[in-house]
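Quick notes on the structure that follows.
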There are 2 protein chains.
Amino acid sequence: MRLTADGQTGSAQEESGRVTAMDSKTKNRPQTLPDGARPTLKTIAFMTGLGITTVSRALKDAPDIGAETKERVRLVAKQIGYQPNRAGVRLRTGKTNVISLVLTLEEEIMGITSPMVVGITEILAGTPYHLVVTPYSAVKDALAPIRYILDTGAADGVIISRTEPHDPRVALLTERGLPFVTHGRTEMGIVHPYHDFDNERFAYEAVRKLVARGRRRLVLLEPPPHLTFYSHMRAGFERGLRDFQADAVSFHQTNIDHSLVEIRDAFEVLMRSDDAPDGIVSGSGSGAIALIAGLEMAKKKLTEDCDMVSKSPSDFLRWLRPEVMTMYEDIRVAGRELAKAVIGHIDGQPAETLQSLSQPEFQPPITRGLRA
Amino acid sequence: MRLTADGQTGSAQEESGRVTAMDSKTKNRPQTLPDGARPTLKTIAFMTGLGITTVSRALKDAPDIGAETKERVRLVAKQIGYQPNRAGVRLRTGKTNVISLVLTLEEEIMGITSPMVVGITEILAGTPYHLVVTPYSAVKDALAPIRYILDTGAADGVIISRTEPHDPRVALLTERGLPFVTHGRTEMGIVHPYHDFDNERFAYEAVRKLVARGRRRLVLLEPPPHLTFYSHMRAGFERGLRDFQADAVSFHQTNIDHSLVEIRDAFEVLMRSDDAPDGIVSGSGSGAIALIAGLEMAKKKLTEDCDMVSKSPSDFLRWLRPEVMTMYEDIRVAGRELAKAVIGHIDGQPAETLQSLSQPEFQPPITRGLRA
DNA sequence: CTTCAAATCTGTAACGATACAGGTGCGATG
DNA sequence: CATCGCACCTGTATCGTTACAGATTTGAAG
């Protein structure tokens with residue numbers, strides 16, 4: 001057996017005279033170290049005179065390493081700025097230290113991605129996790145990115161949104177045991193981590209507010225029917241109608257996933273009809289914009305002919321149309337909750353403890369500043 | 001020499017009788033294969049009867065592999081859905097297949113992240129690259145994420161934004177030879193890939209438009225002075241003032257990085273003063289909102305007392321304030337350009353060929369749909 | 001003066017891929 | 001019939017890390 005430059009045992013082909021006088025205790029100690037390269041366990045092993053294994057275990061605070069040794073190793077590691085090589089860890093253990101955010105490319109329409117990414121990274125910043133954004137285009141391909149992640153082991157945890165009552169992604173992830181969290185709930189009897197906005201309550205409170213303003217013929221701009229929060233929002237809307245005695249005006253042909261132009265045109269028709277509502281609940285902030293446009297094209301005016309309550313993930317409406325009563329959906333906070341939940345799931349916390357609902361509240365008007 | 005279960009040569013400690021009769025040609029062929037696990041080169045080697053090295057080189061289309069062999073390997077690889085293990089490649093070659101998008105957490109204010117991420121992922125989807133979002137908080141820490149990426153080799157390419165004329169990030173990345181692209185230009189004599197919006201032209205055209213409307217006392221809501229595009233926008237503004245004979249009204253105490261409330265309040269004061277402008281150029285869409293609010297608090301009206309041109313990365317303004325003339329900054333396209341440029345840089349294309357400027361154009365008003 | 005267990009430490013193999021430095025076989029050449 | 005070059009294929013070592021199965025030392029027990 002001969003030794004190569006850095007002390008690993010070489011091939012078994014004999015070469016006379018190459019066996020050095022090194023005793024076994026220092027057999028695989030690194031003999032040379034690359035110069036300006038980043039430090040590895042080998043570097044620390046060299047500096048401390050310990051074996052690579054020992055260093056690895058010391059940094060992991062393993063029970064079979066002496067207290068003083070651990071201290072020494074930690075000190076050196078810190079001094080030279082050691083950071084474990086992610087590829088090494090990943091190859092050996094399968095741990096990727098990656099959280100994957102799975103997005104529809106179409107999701108940007110709602111402008112939701114941005115604060116969400118910020119919220120997630122705020123949490124991940126304090127952890128070894130990186131955020132990888134994984135997109136998919138067509139709705140039918142929703143499973144594709146999930147399969148990719150499962151097949152290639154691309155992430156330790158996944159964040160998905162736009163959940164459906166029976167969501168195949170949730171089924172697949174659960175079956176394969178990959179930790180995940182959903183933005184939105186499901187109804188398939190699977191207990192899993194989620195964060196959601198309480199859309200039932202939003203719609204209910206919206207109806208209450210509109211009725212308090214004397215409005216009785218209400219319309220709802222709803223989510224697309226296949227998403228879970230469609231039924232939440234509808235349920236809240238209808239409960240409100242019952243409790244506060246108002247009537248629904250039908251507007252089912254249109255939903256928040258339609259283009260602004262479509263929403264506007266459909267709403268203009270409605271507002272010109274005999275069936276025109278006098279109160280609007282808008283399930284999305286951008287949808288509200290289109291509704292306002294349609295309303296104005298029908299020569300109606302907010303506050304006078306009609307009042308409106310809208311969900312709003314941004315400040316635009318409040319600034320430009322203070323007449324619209326808004327309930328703020330804080331996507332950034334949602335991102336934070338989602339990140340905490342996936343990590344919790346990865347760490348083995350029970351799913352029941354990783355579920356949260358954010359309660360809608362009406363926003364105060366913008367402060368009027370200097371002089372009112 | 002003995003063989004372990006999967007045919008790798010074992011340690012040199014002799015164990016009698018374990019040497020099989022295998023000839024050297026098949027010495028390191030895999031003997032067993034894990035069951036439902038994902039395929040590796042070993043799997044393909046086993047299926048084709050070739051060596052692991054051969055398979056690796058065949059998939060790389062190396063010149064020393066026979067045409068038929070390549071065909072066979074490719075076929076099998078495709079059949080079983082082989083995808084190279086990223087950790088393996090990364091560990092061995094250092095290639096991460098990662099593009100890092102470096103963002104300020106504060107960037108979300110401008111709502112810019114979302115379409116940008118979408119644009120980038122659209123391009124990356126057709127490549128082996130993943131997008132990792134790397135945030136940093138304080139402005140003084142702008143170098144921290146860059147250093148992290150350099151020190152840990154976390155990415156093959158980097159996308160940064162909010163460039164300064166003398167940007168230390170650009171200096172560092174160039175010095176260390178890590179491919180990158182900037183959203184915005186620099187002025188340090190370093191030729192590097194960039195994509196930028198032509199802010200000079202934007203401001204110039206804005207002034208032209210306002211003067212054409214008879215406005216002569218113009219104000220500019222400008223970017224923060226330390227960013228490169230501050231001077232671009234100012235230059236265009238001033239060139240416009242000269243060419244079209246208008247005057248500047250000073251508003252330097254405030255810029256687009258300030259809060260909407262600050263902008264509004266400062267602008268209200270200005271509009272109430274004797275020095276009130278009659279034309280506004282807004283360097284940001286959200287800034288425009290605040291300006292409008294301030295203007296209205298000063299009891300002035302758009303179109304009557306004042307006209308306004310604004311840069312706008314979204315549709316909100318156009319829908320809610322059609323009186324505002326907007327030039328669209330397509331962030332999604334910017335994301336696409338940036339992604340293409342980093343990849344080009346990684347592939348060794350010369351930096352000069354990876355620079356692009358997006359030309360501003362006035363947006364048409366929203367189509368009025370059914371009946372006008 | 002063994003023997004044994006506890007406390008520490010360590011070498012080897014392996015994860016999956018690739019660079020490198022050989023093999024092997026075959027037909028052409030002398 | 002050696003020899004050579006070419007076309008093709010292959011083993012070994014290695015990237016950085018960790019699981020596993022030993023080593024070694026120490027001191028107490030017998």
Side-chain angles (χ1 to χ4, degrees), chain A residues 1 3-13 23-30 34 37-45 48-60 62-70 73 82-95 152-153, chain B residues 1-13 23-30 34 37-45 48-60 62-70 73 82-95 97 152-153:
Chain A
M1 186 190 294
L3 300 172
T4 56
D6 56 7
Q8 305 280 27
T9 56
S11 79
Q13 303 154 17
D23 71 358
S24 76
K25 243 204 121 163
T26 51
K27 208 165 22 178
N28 86 335
R29 294 299 204 295
R38 76 181 277 209
T40 68
L41 289 180
K42 203 154 142 186
T43 319
I44 302 177
T48 55
L50 295 164
I52 295 176
T53 304
T54 310
V55 174
S56 172
R57 298 188 55 65
L59 289 173
K60 296 212 132 39
D64 63 348
I65 304 294
E68 195 206 304
T69 303
K70 284 181 189 170
V73 169
Y82 169 75
Q83 295 192 261
N85 180 306
R86 309 187 117 231
V89 175
R90 180 164 173 178
L91 182 57
R92 182 65 239 247
T93 66
K95 173 106 186 169
T152 63
Chain B
M1 186 190 294
R2 72 187 164 86
L3 299 172
T4 55
D6 57 4
Q8 305 281 28
T9 55
S11 78
Q13 302 154 18
D23 68 1
S24 77
K25 244 203 120 164
T26 51
K27 210 166 19 181
N28 86 336
R29 295 299 206 294
R38 78 181 272 211
T40 69
L41 289 180
K42 205 158 146 184
T43 318
I44 302 178
T48 55
L50 295 164
I52 294 176
T53 304
T54 309
V55 174
S56 172
R57 299 188 54 66
L59 289 173
K60 298 212 128 40
D64 63 348
I65 304 292
E68 195 205 304
T69 304
K70 285 181 190 171
V73 169
Y82 168 74
Q83 295 192 260
N85 180 306
R86 308 187 116 231
V89 175
R90 181 165 172 177
L91 182 57
R92 183 63 238 246
T93 66
K95 174 107 185 167
N97 284 305
T152 64

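Each chain gets a letter, A, B and so on, in the order the sequences are listed, and its residues count up from 1.
- B/R92 contributes a side-chain N or O that forms a donor-acceptor pair with the base of C/dT18 under 3.5 Å.
- Rounding to whole angstrom units, CD1 of residue B/I52 and C1' of C/dA19 are separated by 15 Å.
- For C/dT18, neither phosphate oxygen OP1 nor OP2 lies less than 4.0 angstrom from any side-chain nitrogen or oxygen of B/T93.
- Rounded to an integer number of Å, the gap from B/L91 CG to D/dT18 P is 12 Å.
- Counting all heavy atoms, side chain and backbone alike, A/A87 lies closest to B/L91 at CB-N, 3.8 Å.
- At the phosphate of D/dT18, OP1 or OP2 sits under 4.0 Å from a side-chain N or O atom of A/K60.
- Atoms CD1 (A/I44) and P (D/dG16) sit 13 Å apart, rounded to a whole Å.
- Checking the phosphate oxygens (OP1, OP2) of C/dT10, a side-chain nitrogen or oxygen of A/T54 falls inside 4.0 Å.
- Put simply, CZ on B/R86 is 19 Å from P on D/dG16, counting in whole angstrom units.
- Between the CD1 atom of A/I65 and the C1' atom of D/dA19 there is a distance of 14 Å, given to the nearest Å.
- Residue-level contact check: A/T53 touches the bases, meaning some heavy atom is under 4.0 Å from a base atom.
- No donor-acceptor pair closer than 3.5 Å links the side chain of A/R57 to the backbone N or O of A/I65.
- For D/dC8, its base never sits under 3.5 Å from the side chain of B/D64 at any donor and acceptor pair.
- Remark: C1' of C/dC9 and CG of A/L59 are 15 Å apart, rounded to the nearest angstrom.
- In the set C/dT10, D/dT17, C/dA17, the nucleotide with an atom closest to the side chain of A/L50 is C/dT10.
- A pairwise comparison of heavy atoms in A/R90 and B/R86 identifies NH2-CD, 4.0 Å as the closest pair.
- Shown here for B/L59 and B/Y82, the closest heavy-atom pair between the two residues is CD1-CE2, 3.7 Å.
- Side-chain nitrogen and oxygen atoms of A/T69 include at least one within less than 4.0 Å of the OP1 or OP2 phosphate oxygen of C/dC9.
- A straight line from CD of B/E68 to P of D/dA7 spans 17 Å, rounded to a whole angstrom.
- Side chain of A/L41, nearest nucleotide from C/dG16, D/dT17, C/dA17: D/dT17.
- Considering all non-hydrogen atoms of both residues, A/Q83 and B/T152 come closest at OE1-CG2, 3.4 Å.
- Computed from coordinates, the A/R57 CZ to D/dC20 P distance equals 10 Å when rounded to whole Å.
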